[in-house]
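What follows is a short report on a single structure.
To find a chain, count down the sequence lines: A is the first, B the second, and so on, and within it residues start at 1.
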Protein chains: 2
Amino acid sequence: MKGDQRKKEILKTAAQLFRKKGYNAISMRDLAQALGIKAASLYNHIKSKQEILSLIVMEVAESFTLGIDSISKSKISSIQKLNQIIELHVNITIEHADAISSVNNDWMHLKEPDLDSFIKMRDGYEDKLRKIIKKGIKDKEIADINIEVMLFSMLSTLRTLHLWYSKKQGINKEELCGQMKHILLKGISLDK
Amino acid sequence: MKGDQRKKEILKTAAQLFRKKGYNAISMRDLAQALGIKAASLYNHIKSKQEILSLIVMEVAESFTLGIDSISKSKISSIQKLNQIIELHVNITIEHADAISSVNNDWMHLKEPDLDSFIKMRDGYEDKLRKIIKKGIKDKEIADINIEVMLFSMLSTLRTLHLWYSKKQGINKEELCGQMKHILLKGISLDK
DNA sequence: GTCTATAAAATGATAGAC
DNA sequence: GTCTATCATTTTATAGAC
């Protein structure tokens, strides 16, 4: 089961299809056809359609959780932590662009106990980021703007990076990280 | 047909349900039940499930198109135009928070000719915003960062405002607009 | 304008042959 | 490991009674 190459293909193709039309719009027949087999054959590799969604979404959610935990703990300034969080999102987006679409839009179709686990991870992520911003304001590293607006704005941009990244070529990872840091942390206006 | 109050109720309830689970996850039975009637009764007011989606999505898409057209034409600075675009998004989000969710996530389930029309409006919107940013850079009102990154970052935040706005109370429209302008245009870092 | 009854198609999933 | 055949359920939508 560990080396089931076919299962990996199924998950990869499913993530691609879910990204285009969403979990509910893709039938097992659609998925099978994209793989060149019949729908019934899928069940030799996966237990159910639900399991496919779960494997796709939970893996990425766990990567984000591990990432933010590590950044939270490290002994660096708040601005440096925000820089690392931007890098975390860019890295995961590049590696799991299709899956992120389901993390953003299909998570509500998870079933218990995954649904509860996902929501806890998501809330925990937001809370850790909120604490980093709060400390940054206290230490006068970050402007004293409404913290929830700030949090929302950063997360919106980082979470939807996948919508835009795959369309643009000619920008490498380092350049992208640099631009994102500039825009998210320093703004675009010149009139100060 | 103009004064069909029931039809308006159907569209409003449908938008609420689509927001929670997406167009494909909501059946006509679900919608009917939320309205306290049977599924068959819906068809006295609407032609099909497709028509419901179309009415919800296209109205909001047209509002955005009208708004950006008007802003584009007016004789004000680029930064002032960006300020007005932020106001446009805040206003439409407050008035059509449920519908915006379908505009973001369910538009791909539109059928022709609506699908093509929607995509044209969306591309047109992005292009008008791109031109405003470009002129702002030329006139030295806006920092000379990668224009596509800037465009993407602004739109990501503005388009997902609905995810966040309905959760937070205690912030009024004017305050929200002010904070968004600050974050999107001036950034959050203090170290310059 | 809403109901019951029902058609026609699509869906997730299983059984068993090869 | 994939196939054909099939099942049980759900789905959108229509017809016709009230």
Pairwise N/O distances under 3.5 Å, protein to nucleotides 11-15 of chain D:
residue : atom : partner : partner atom : Å
D/dT12  : OP1  : B/Lys49 : NZ           : 3.0
D/dT12  : OP2  : B/Met28 : N            : 2.8
D/dA13  : OP2  : B/Tyr43 : OH           : 2.9
D/dA13  : OP2  : B/Lys49 : N            : 2.8

message: From CG of A/Leu31 over to P of C/dG12, roughly how many Å is that when rounded to an integer?
response: 10 Å
query: Does atom NZ of A/Lys181 have more than 12 heavy-atom neighbours, drawn from other residues, nucleotides or ligands, at distances under 6.0 Å?
result: yes
message: If only side-chain N and O atoms count, and only distance matters, is there a donor-acceptor pair under 3.5 Å linking A/Ser166 with A/Arg19?
response: yes
field: Length of the line joining A/Leu53:CG and C/dA13:P, which is rounded to integer Å
entry: 12 Å
message: Less than 4.0 angstrom from a charged side-chain N to a carboxylate O is my criterion; do A/Lys12 and A/Glu9 meet it?
response: no
query: Under 4.0 Å between a Lys/Arg side-chain N and an Asp/Glu carboxylate O for B/Glu51 and B/Lys7?
result: yes
message: Can you tell whether the side chains of A/Lys8 and A/Glu59 come within less than 4.0 Å, N to carboxylate O?
response: no
- prompt: Under 30°, 30 to 60°, or over 60°: which ring-plane class applies to A/His89 and A/Tyr125, parallel, tilted or perpendicular?
  reply: perpendicular
- request: Measure the distance from NZ on A/Lys38 to P on C/dA13 and round it to the nearest whole Å.
  value: 19 Å
- prompt: Nearest-Å distance, CD (B/Gln5) to C1' (C/dG1)?
  reply: 15 Å
task: Find the distance B/Leu35:CG to C/dC3:C1' and express it as a whole number of Å.
output: 16 Å
- request: Please report, rounded to the nearest Å, how far the C1' atom of D/dT10 is from the NZ atom of B/Lys21.
  value: 14 Å
